[in-house]
Every structure is written in C-alpha cells, then in structure tokens.
Novice: 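One structure follows; several queries about it will come next.
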Amino acid sequence: MDETDPLHPSTLDYISSCVRCYLAGNVDKSELYGLINEVLIFHKFALGSRSYIIFPQLRLLWKPASKHSKKALIPDFGIGRYTTHGRIRLQGGVEAKPPVSIMLNLPDPTSLEERHPVLIRDEYQRAILQASDQVKAAIKNKVIPPNTTIPWIVSIGPYFIIRNFGPYNADHLSTRGHRPNDSGDAPTLEALQQVVANASNVPLGTPIYLFGTAAAGIAMQDYLSSGLALYDIPIPT
C-alpha cells in the first residue's frame, strides 16, 4: 500500500484535512465538487488509471428522443467511460448538496441520523429524489442499462450515502419527482411526493459515511469497483 492508495493513512489524513478546510470556508456547493473530485481521483488510480472517467456536470436530456425538448438533468458527477461508438457509459454518479449547520463540527457519521433524524432524513430524501431523476434520465439516454439496480452517491456536504435506484417501469421513467413535469404519471408523482412528505418518519436504511475516514474509503472503493460490472451489461439500441 503506497501513499496514492485511497486507504493509506496518509491519504485518509489528507482527505480529512480537505474536509476540515472545506467546512471552515464558505461551504459553497461548487467548492464541495473539488473535495469529491479529489476522492474520485484517488480511487480511480487505485482501480487503474483507465478504470473510469469523471464527467463533471454531465448534461442528460430528459426527453432525448424529442428534437424540441431541451430540459436536462445534470448530475454533479457522472462516473463512466467513453465507448468506441462516440457515446459514453456510466457506472454511477454523484448528487451533492451543501452541508447543514450540524455538520460543521464534524459529528460522528454513525450517530448523525439517530441524533438528528428529522433534519437528516429530510435533507437526504430531497437529494435522493433529485438523484433518482438523474438515473431515470441516464436510462433514457442509454448511458446505463435499464431493468437493473443502479447505485448513486448522494452527498450532503462531506457526509454521503450510497443509494440504489431502479429498476423503473414506464410510469416512473416518465415522471420527475424533483421539479415535476406536466407529462408525468399523476399517481407516480403523488407517491413520490408522499415519500418526501413522510421522510422524517422513515429511516434512511443505509449507512452515512464521512469522507476522510477508513469506513468511507472502503465503502467508496467497493462502490466504484463493483460498478465496473455494469459496463458488461448490454444496452438495447
């Protein structure tokens, strides 16, 4: 294990110091991108320099088959590869939001939801809804395979979860939960809005990780390495 390894103690110390520097500043979302990008770079080289490409602010049309619709969903990061056909494939992505005030003092991630259930569940659920729309757009743009589960990173400041999305049926694929669309399926939209309304009462059901910790490094490495298998699944043309 060398100092470029994402699980090396010196690397974890470095990422942890980046976290502290970020939280001591303006905690702007755009500055959070630098932190997440740095994490992805360390893991990229651990898995192999050609394992994946980081696509910042990837634009995914909501209705790619329409010549007149310009509405797009934009993951903060797409994680994928170029194909030989001039297209890209994704194995995952990242939706990031600025931290909430209780995160500024770096509380233990393992007790964050337990100590602040309403705030944490509400914040993550809103971000999850947005990430879900991004996955739907990715499926419709044929950059990830349909009819399978797609894991996505959802980060609130330096605290992140790994959330699985899909498979989606036709009604779900046509319906945006964040900034709803008029052409969406009404019962599906109502169900999505009900999830957000009840978020504070429903546990996240997944661990929360803090960048710069060993647990976060292991989770991210597992997430990125397991996602490589998605490149082997054919996408219908």
Side-chain angles (χ1 to χ4, degrees), residues 1-47 54 56-57 75-77 79 92-132 134 151-164 196 199-227:
M1 181 184 290
D2 60 37
E3 293 187 4
T4 64
D5 191 292
L7 302 181
H8 191 282
S10 67
T11 304
L12 295 174
D13 286 345
Y14 167 67
I15 296 299
S16 184
S17 71
C18 290
V19 168
R20 292 192 298 272
C21 288
Y22 167 69
L23 293 177
N26 296 322
V27 294
D28 182 78
K29 179 178 176 178
S30 64
E31 294 183 11
L32 178 60
Y33 295 163
L35 170 63
I36 296 174
N37 192 64
E38 196 75 343
V39 170
L40 291 173
I41 288 172
F42 272 106
H43 286 280
K44 170 184 168 73
F45 284 97
L47 292 171
I54 302 166
Q57 296 285 285
D76 294 310
F77 295 93
I79 303 168
V94 180
E95 171 58 22
K97 298 293 185 187
V100 292
S101 59
I102 60 171
M103 295 176 174
L104 299 182
N105 292 323
L106 288 174
D108 182 351
T110 62
S111 61
L112 195 57
E113 181 180 6
E114 180 182 355
R115 296 180 64 182
H116 309 278
V118 174
L119 175 62
I120 293 301
R121 291 169 186 170
D122 283 348
E123 288 292 327
Y124 275 104
Q125 190 55 59
R126 282 194 289 268
I128 286 168
L129 198 66
Q130 198 164 344
S132 176
Q134 294 164 9
W152 217 252
I153 298 289
V154 179
S155 180
I156 308 292
Y159 292 85
F160 71 93
I161 64 173
I162 300 170
R163 180 76 176 215
N164 289 328
V196 175
S200 60
N201 299 316
V202 181
L204 291 175
T206 186
I208 299 175
Y209 302 101
L210 173 62
F211 288 123
T213 62
I218 293 169
M220 184 66 79
Q221 189 80 347
D222 288 346
Y223 164 71
L224 292 167
S225 61
S226 63

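These numbers come from a predicted model, not from an experiment.
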Novice: Scan residues 13-41 for pairs that pass salt bridge (charged side-chain N to carboxylate O under 4.0 Å, His left out), counting only residues two or more places apart or in two chains.
Specialist: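 Checked against salt bridge (charged side-chain N to carboxylate O under 4.0 Å, His left out) - neighbours excluded - the pairs reaching residues 13-41 are K29-D76.
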Novice: Rounded to the nearest 0.5 Å, how far apart are CG of L204 and OH of Y124?
Specialist: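 These two atoms lie 7.5 Å from each other.
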Novice: Apply side-chain contact (heavy atoms from CB on, under 4.5 Å) to the pair I161 and Y209, showing each step before the final yes or no.
Specialist: CA-CA 6 Å; I161 64 173; Y209 302 101; 5.9 Å; no
Novice: So do P151 and Y223 actually touch side chain to side chain, heavy atoms under 4.5 Å?
Specialist: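 Touching, per the 4.5 Å side-chain cut-off.
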Novice: Excluding sequence neighbours, so at least two apart, what forms ring-ring contact (aromatic ring centres under 6.0 Å, His included) with Y159?
Specialist: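 Partners of Y159 under the ring-ring contact (aromatic ring centres under 6.0 Å, His included) test: none.
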Novice: Measuring from atom NE2 of H43 to atom CG of L224, what distance do you get when rounded to the nearest 0.5 angstrom?
Specialist: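 It is 6.5 Å, given to the nearest 0.5 Å.
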Novice: Given side chains that start at C-beta, do those of M220 and I153 come closer than 4.5 Å, heavy atoms only?
Specialist: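 M220 reaches I153 side chain to side chain.
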Novice: Starting from the C-alpha separation in whole Å, work towards a yes-or-no answer on side-chain contact (heavy atoms from CB on, under 4.5 Å) for T206 and N164.
Specialist: CA-CA 10 Å; T206 186; N164 289 328; over 6 Å; no
Novice: Would you please classify the geometry between the F160 ring and the F211 ring as parallel, tilted or perpendicular, with 30° and 60° separating the classes?
Specialist: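 Correct class here is parallel.
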Novice: For a quick test of reading the model, state the closest non-hydrogen atom pair linking S10 to H8 and the distance between them.
Specialist: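 Nearest heavy atoms, S10 then H8: OG-ND1, 2.8 Å.
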Novice: Heavy-atom count check: over 12 atoms from other residues, nucleotides or ligands less than 6.0 Å from E114 CD?
Specialist: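 Check fails, neighbour count at 12 or below.
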Novice: If you round to the nearest 0.5 Å, how far is CG of L119 from CD1 of I102?
Specialist: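 Going from CD1 on I102 over to CG on L119, the span is 4.5 Å.
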Novice: For I156 versus P99, what's the shortest heavy-atom pair and its separation?
Specialist: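 In terms of heavy atoms, the two residues are closest at CG2-CA, 4.1 Å.
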Novice: Quick one, M103 with L210, criterion side-chain contact (heavy atoms from CB on, under 4.5 Å). Give me CA distance, side-chain angles, the key distance, then yes/no.
Specialist: CA-CA 10 Å; M103 295 176 174; L210 173 62; over 6 Å; no
Novice: Is a side-chain donor or acceptor of T213 paired with a backbone partner of A216 at a separation under 3.5 angstrom?
Specialist: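 Yes, because the side chain of T213 sits within donor-acceptor range (under 3.5 Å) of the backbone of A216.
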Novice: Kindly compute the distance separating SG (C18) from CG (N37), expressed to the nearest 0.5 Å.
Specialist: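 One gets 11.0 Å once the value is rounded to the nearest 0.5 Å.
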Novice: Please name the pair of heavy atoms, one in A219 and one in I162, separated by the smallest distance, quoted to 0.1 Å.
Specialist: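 Looking at all heavy atoms of both residues, the closest pair is O-CD1, 3.8 Å.
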Novice: If I compare all heavy atoms of A127 with all of V154, which pair ends up nearest, and what's the gap?
Specialist: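 For A127 versus V154, the nearest heavy atoms are CB-CG1, 3.5 Å.
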Novice: If you measure from OG on S155 to NZ on K97, what distance do you get to the nearest 0.5 Å?
Specialist: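 Here the interatomic distance stands at 11.0 Å.
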Novice: Just by distance, do the side chain of N105 and the backbone of P107 share a donor-acceptor pair under 3.5 Å?
Specialist: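 Not confirmed, N105 side chain does not pair with P107 backbone.
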Novice: Kindly indicate whether the side chain of S225, heavy atoms from C-beta on, has any atom under 4.5 Å from the side chain of L47.
Specialist: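 In short, these two side chains touch, coming nearer than 4.5 Å.
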Novice: Determine the sole option in R121, R126, Q125 for which the side chain to side chain donor-acceptor pair (under 3.5 Å) test with E123 is passed.
Specialist: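 Only match with E123 under side chain to side chain donor-acceptor pair (under 3.5 Å): R126.
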Novice: Counting N and O atoms only, with roles assigned by atom type, does the side chain of S200 sit under 3.5 Å from a partner on the main chain of D122, one being a donor and the other an acceptor?
Specialist: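 Such a contact is absent between S200 side chain and D122 backbone.
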Novice: Taking all non-hydrogen atoms of both residues into account, name the closest pair between I36 and A96 and its distance.
Specialist: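 Where I36 meets A96 most closely, the heavy atoms are CD1-CB, 3.8 Å.
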Novice: Could you grab the distance from atom CG of N26 to atom CG of L32, nearest 0.5 Å is fine?
Specialist: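 The CG atom of N26 sits 13.0 Å away from the CG atom of L32.
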Novice: Over all heavy atoms of both residues, which pair between Q221 and A46 is shortest? Give the atoms and the distance, please.
Specialist: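 Answer, listing the atom of Q221 first, then A46: NE2-CB, 3.6 Å.
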